[in-house]
Trainee: 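Handing you this structure, nothing more for now.
Both backbone and side-chain heavy atoms feed into the values below; hydrogens, waters and symmetry mates do not.
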Amino acid sequence: MSDRLTVATWNINSVRLRLPIVERFLIEHAPDVLCLQETKCPDANFPAGAFRKLGYEHIAINGQKGYHGVATLSKRPFLREARRDYCGKGDSRHVATDLAFAGSSVTLHNFYVPAGGDEPDPDINAKFAHKLAFLREMGDELTAAARPSVIVGDLNVAPYEHDVWSHKALLKVVSHTPIECDLLEAVREAGSFVDVMRRFVPMEEKLYTWWSYRAKDWSAADKGRRLDHVWATSDLASTATVIAALRDIRGWPQPSDHAPVITTLEA
DNA sequence: ATGGTCGCTAAGCGA
């Protein structure tokens, strides 16, 4: 049974403040599924009604007050929902859903990996130690990942040379240090996942999903990083296509500092 | 050059 499923991922940095542009995105791009990160919203206050009105009737949320938070919005019903408390800290950083796909099902993991603070040394920076522990736990879990599976989200690591505006300038900057880049590769390989964005954009081509709020003119400076990712198991990756980071959306009014990424899965 | 800007929630923290 042939099928097609479009999956978007977007760190929106407050779902309530960003509701107008999330609605605009859903109307203009109409993915089957949208995975949000940094919703910063307790579940009781999640604006589910606004999304249901746009046809996203199935909503899996894992939120908390003020920080983190993920949500998966879907036109297609969920066969299963699961949430894992990575590192046992009570942070809302993961929700998994199973969706009907091609006569069977696909598992979709939505992750928000800890940013890791400023100092890339786990001995003096507990936030960086947490980030590394979180990634190691991801690797342990994903070794046994169901097939087919897709992982999307803000992984807060830009692993390759051209995932950042300057490899040399960022070697000691959290998100692009060798320890994180090597660990993210090990996590991906532990579950035999394919980096779908890089299947479509050559390794030597710059590719970003995030631009800091701090730049005077983010687009002109273009000091971006590829922090958001789409991974798929090899059975899906062979037919997956990516609309790489929708950069224009970074320039919408009151934007998130991340751009969304859309992937089409076909089987 | 070691800031610069956001969003939460009510001064400072996290990103």
Side-chain angles (χ1 to χ4, degrees), chain A residues 9-23 25 35-47 50 61-71 85-87 89-94 110-122 124-135 138 152-159 163-166 168-177 179-181 183-184 208-229 245 247 249-261:
Chain A
T9 182
W10 194 8
N11 177 320
I12 32 84
N13 186 18
S14 173
V15 68
R16 287 173 287 183
L17 199 64
R18 227 63 73 190
L19 186 57
I21 62 169
V22 177
E23 289 176 318
F25 172 74
C35 294
L36 298 172
Q37 301 87 36
E38 277 206 274
T39 53
K40 296 186 173 176
C41 180
D43 291 352
N45 299 334
F46 192 86
I61 47 182
N62 183 8
Q64 68 183 80
K65 186 178 179 182
Y67 301 97
H68 325 312
V70 292
D85 179 8
Y86 283 80
C87 302
K89 291 171 69 81
D91 286 355
S92 293
R93 295 180 178 275
H94 170 257
N110 176 357
F111 276 105
Y112 176 52
V113 171
D118 288 331
E119 189 60 53
D121 180 348
I124 60 171
N125 175 9
K127 294 198 200 80
F128 194 69
H130 176 215
K131 181 179 196 174
L132 299 180
F134 190 104
L135 288 168
M138 266 179 81
V152 302
D154 179 2
L155 305 186
N156 263 317
V157 180
D163 290 341
V164 293
W165 64 278
S166 168
K168 191 177 173 187
L170 290 177
L171 271 172
K172 293 180 179 173
V173 174
V174 170
S175 73
H176 192 63
T177 63
I179 186 171
E180 294 164 84
C181 296
L183 181 50
L184 192 75
Y208 313 138
T209 63
W210 173 89
W211 294 260
S212 173
Y213 283 125
R214 295 175 188 176
K216 283 188 186 122
D217 182 338
W218 69 272
S219 189
D222 203 23
K223 293 183 173 179
R225 304 178 200 171
R226 186 170 72 112
L227 302 180
D228 303 273
H229 296 268
R247 181 188 174 112
I249 293 175
R250 174 64 178 79
W252 282 3
Q254 293 189 357
S256 167
D257 44 357
H258 294 251
V261 179

Trainee: Using heavy atoms to find the nearest nucleotide of DNA chain B for A/N13 and A/N156 separately, return the residue whose nucleotide is more 5′.
Mentor: A/N13
Trainee: When we call it a touch if two heavy atoms are under 4.0 Å apart, what does A/K216 touch: a base, just sugar-phosphate, or nothing?
Mentor: nothing
Trainee: Using the C1' atom as the point on both nucleotides, what is the distance between B/dA15 and B/dG4, in whole Å?
Mentor: 13 Å
Trainee: I need the OH-C1' distance between A/Y67 and B/dG7, as an integer number of Å.
Mentor: 10 Å
Trainee: Taking atom C1' of B/dT5 as reference, at what distance in whole Å does atom NE2 of A/H258 sit?
Mentor: 13 Å
Trainee: Side-chain N or O of A/S212 versus OP1/OP2 of B/dT5: is the shortest distance under 4.0 Å?
Mentor: no
Trainee: Could you please name the option among B/dC8, B/dA15, B/dC6 that lies closest to any side-chain atom of A/K40?
Mentor: B/dC8
Trainee: Take a 6.0 Å sphere around CG of A/D217 and say whether it holds more than 12 heavy atoms from other residues, nucleotides or ligands.
Mentor: yes
Trainee: In whole Å, what is the span from the CD atom of A/Q254 to the C1' atom of B/dC8?
Mentor: 15 Å
Trainee: A/P42 or A/D154: which one's nearest nucleotide on DNA chain B is closer to the 5' end?
Mentor: A/P42
Trainee: Can you find a side chain N or O atom of A/R18 that sits less than 4.0 Å from OP1 or OP2 on B/dG7?
Mentor: yes
Trainee: Tell me whether the OP1 or OP2 atom of B/dG14 has a side-chain N or O from A/K127 closer than 4.0 Å.
Mentor: yes
Trainee: Ignoring hydrogens and angles, tell me if any N or O in the side chain of A/T209 forms a donor-acceptor pair with the backbone of A/H258 under 3.5 Å.
Mentor: no
